[in-house]
Amino acid sequence: MKRFVLIFLAILPAFCLSQNSLQKNKMDWFEDAKLGIFIHWGIYSVNGISESWSFFNEYISHDDYMKQLDGFTANNYNPNDWVKLIKESGAKYTVITSKHHDGFALWKSKHGDLNSFYNSISKKDVLTPFVRAVKKNDLKLGLYFSLPDWSFNDYTHHTTSIKRYNIKDNPERWSKFQKYMFSQLDELSKNFNPDLWWFDGDWEHKSEDWNVNKIKSKLLTKNQNVIFNSRLNGNGDYETPEIGIPVLRPESRYWELCVTMNDSWGYQKNDKNYKTPMQIIDLFVDTLSKGGNLLLGIGPESDGTIPIEQKEILKELGKWTKKHNKAIYNTRRGISYDHFYGPTTLSKDKKTLYLYVRDFPKDGKIVLKGLRNKINRAYVVGNGTILENQTICKVYWNKYPGITYIEIPNDSIDKYYTTVAVVLDGEIDLYREKIGAIEQN
Ligand code: GLC
């Protein structure tokens, strides 16, 4: 017995270490990826109404909502073109709605009776070819899966005014739902082996009722490195603020802002309230500087066409991400606004600081305050122009490192954000002390 205890104690640190490195490695690609594209595709694109919520909130009857199955043609669907466009935007991963709250599955599922293959006019499994194209093109794959299935007869909720039953009064019925949910998850995990699970709808039940632990352990058996978003009643690997850029940086080291290009997740022909590329890049840069990822939504039409406005945004974004890739990918959150009037990121080794310049200063000079390091080189990312710098207010009699002005020539200005790489003599070292009078003579 004593021997066992000794052996156990001897291997414990190695075990803990490997658990930690597993954890770390698992999130590495995600933390480096920075940009993902979120696809909401389903029968709601036929009428151009809100995904699932339109019948749940009783703006349309469930029967009429389901009539959209006859309009989901996927006639112009070309998953390779989708993936090409996603890559062109600079995204490193994509998340697609395998099944939204309405229960309509995009793959040929053996479970339930609502999917694109058996029930829509398209008679196509639209998910399989998409996954193939994603994997062939080295993008990471995320599957969105709604925990609630408002169309499934043994699920608790149907619409805002119709609740079928309460779990505690009818546990057998809930088990039927659970059996169905688990078989679909098994099927997805076996057929598609995603890198990330994007769950949604957890608010409707408690984690014990969903059986979150079992969900996770089953999916981890298939892929021990798979990542979970937090919409498993908070039991995930990263936070998912929605729509607005968080004013305060999320507490979790890993987080992802999901945002729509207009005001809708799915395709809604009447929603023309698109954000401009500038506004989308604003959101992206803000997210980057706070160390997060941006998951940008698109909503294809029912025939598989990606609306022109969405295509244009992705392409425009792509030009900017391509040019500024050094300042974007593999970076970590930047420094406090105390030191620079704008967003920043840092290289992983913390030896290069990237400054994002949105509005060109009147005198062409940007200001960096309290930097203890020596600047080895400063240049404009994407065009290589070397920049001059001048430090003021640095005196020998105190330790305050002064204020550095870096001048950007007019011809280096980007129409969105210009980024400046400041290559330091070591890891960034910022002066954050109170400035007094004479400290030495
Ligand atoms: C919400 C909505 C849903 C949308 C999702 C995307 O949870 O229920 O319609 O798919 O957010 O983040």
Side-chain angles (χ1 to χ4, degrees), residues 30 35-60 62 65 68 91 93-106 114 127 130 141-152 155-160 181 184 188 194 196-205 207 210 212 215 227-246 250 252 254-268 271 273 275 280 283-284 287 292-302 310:
F30 181 82
L35 182 64
I37 300 298
F38 202 178
I39 307 171
H40 277 67
W41 199 29
I43 57 172
Y44 39 82
S45 55
V46 174
N47 292 359
I49 51 179
S50 71
E51 69 289 345
S52 311
W53 291 101
S54 48
F55 81 82
F56 187 85
N57 288 331
E58 300 172 351
Y59 307 143
I60 181 173
H62 186 254
Y65 183 91
Q68 296 178 101
Y93 66 108
T94 180
V95 179
I96 185 166
T97 48
S98 65
K99 183 177 93 163
H100 205 263
H101 315 321
D102 60 8
F104 177 69
L106 293 188
L114 191 54
L127 187 55
F130 178 71
L141 173 73
L143 291 183
Y144 169 108
F145 185 85
S146 167
L147 294 165
D149 186 327
W150 296 328
S151 297
F152 192 76
Y155 182 69
T156 49
H157 300 60
H158 179 50
T159 68
T160 183
M181 183 190 83
Q184 283 204 325
L188 284 170
L196 183 157
W197 285 99
W198 215 100
F199 284 101
D200 197 17
D202 57 350
W203 63 82
E204 238 157 42
H205 292 289
S207 120
W210 292 122
V212 162
I215 296 179
I227 294 177
F228 299 100
N229 74 342
S230 59
R231 298 193 185 177
L232 283 169
N233 307 88
N235 295 292
D237 299 305
Y238 71 89
E239 286 181 46
T240 55
E242 186 165 333
I243 305 292
I245 175 85
S252 154
Y254 308 110
W255 65 276
E256 174 197 68
L257 168 72
C258 56
V259 84
T260 50
M261 283 187 176
N262 47 4
D263 294 324
S264 320
W265 286 112
Y267 173 66
Q268 296 203 27
D271 181 355
N273 194 23
K275 297 167 187 69
I280 287 180
L283 288 167
F284 187 31
T287 305
N293 287 3
L294 180 74
L295 185 62
L296 181 63
I298 60 170
E301 296 175 36
S302 52
Q310 303 182 10

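Start at 1 and go down the list; that is how both ligands and their atoms are numbered.
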Next on the checklist: Could you tell me, atom by atom, which parts of ligand 1 come under 4.0 Å of a heavy atom of H100?
Outcome noted: 3 (C), 4 (C), 9 (O), 10 (O)

Item to check | Where ligand 1 meets C258 - atom numbers and elements under 4.0 angstrom, heavy-atom basis | outcome: 12 (O)

Checklist entry - Under 6.0 Å between the ring centres of H157 and W203? => result no

Checklist entry - Given side chains that start at C-beta, do those of T160 and E58 come closer than 4.5 Å, heavy atoms only? => result yes

Checklist entry - Checking D202 side chain against N233 main chain: does a donor-acceptor pair fall under 3.5 Å? => result yes

Next on the checklist: In this structure, is the centre-to-centre distance between the rings of W210 and F199 below 6.0 Å?
Outcome noted: no

Checklist outcome for this item: If we number the atoms of ligand 1 from 1 as shown, the ones under 4.0 Å from a heavy atom of Y144 are 10 (O)

Checklist outcome for this item: protein heavy-atom neighbour closest to atom 4 (C) of ligand 1 works out as H40 NE2, 3.5 Å

Checklist entry - Is F56 touching ligand 1 with its side chain, its backbone, both, or neither, if touching means heavy atoms under 4.0 Å apart? => result neither

Item to check | Main-chain N/O of W150 paired to H158 side chain as donor or acceptor, under 3.5 Å | outcome: yes

Checklist entry - Does S52 offer a backbone N or O that forms a donor-acceptor pair with the side chain of Y65 under 3.5 Å? => result yes

Checklist entry - Which of the atoms of ligand 1 are close to F38, meaning less than 4.0 Å from one of its heavy atoms? => result 6 (C), 12 (O)

Checklist entry - Is R231 salt-bridged to D200, going by a charged N under 4.0 Å from an acidic O? => result yes

Checklist entry - Any nitrogen or oxygen of W203, main chain or side chain, under 3.5 Å from a nitrogen or oxygen of ligand 1? => result no

Checklist entry - What are the atoms of ligand 1, with element, lying closer than 4.0 Å to any heavy atom of D200? => result 1 (C), 2 (C), 3 (C), 4 (C), 5 (C), 7 (O), 8 (O), 10 (O), 11 (O)

Checklist outcome for this item: atom 12 (O) of ligand 1 has as its nearest protein heavy atom E242 OE1, 3.2 Å

Next on the checklist: Please list the nearest protein heavy atom to atom 8 (O) of ligand 1 with its residue and the distance rounded to 0.1 Å.
Outcome noted: H101 NE2, 2.8 Å

Checklist entry - For ligand 1, which atoms have a heavy atom of E51 less than 4.0 angstrom away? => result 3 (C), 9 (O)

Item to check | Test log, rule side chain to side chain contact (heavy atoms under 4.5 Å, CB included), inputs Y44 and F55 | outcome: CA-CA 10 Å; Y44 39 82; F55 81 82; over 6 Å; no

Checklist entry - Is there at least one pair of N or O atoms, one from W53 and one from ligand 1, spaced under 3.5 Å apart? => result yes

Checklist entry - Under 3.5 Å, is there a donor-acceptor pair linking the side chains of H101 and S146? => result yes

Next on the checklist: As an exercise, identify every atom of ligand 1 less than 4.0 angstrom from a heavy atom of W198.
Outcome noted: 12 (O)

Item to check | Shortest protein heavy-atom distance from atom 6 (C) of ligand 1, along with the residue and atom involved | outcome: W265 CE2, 3.6 Å

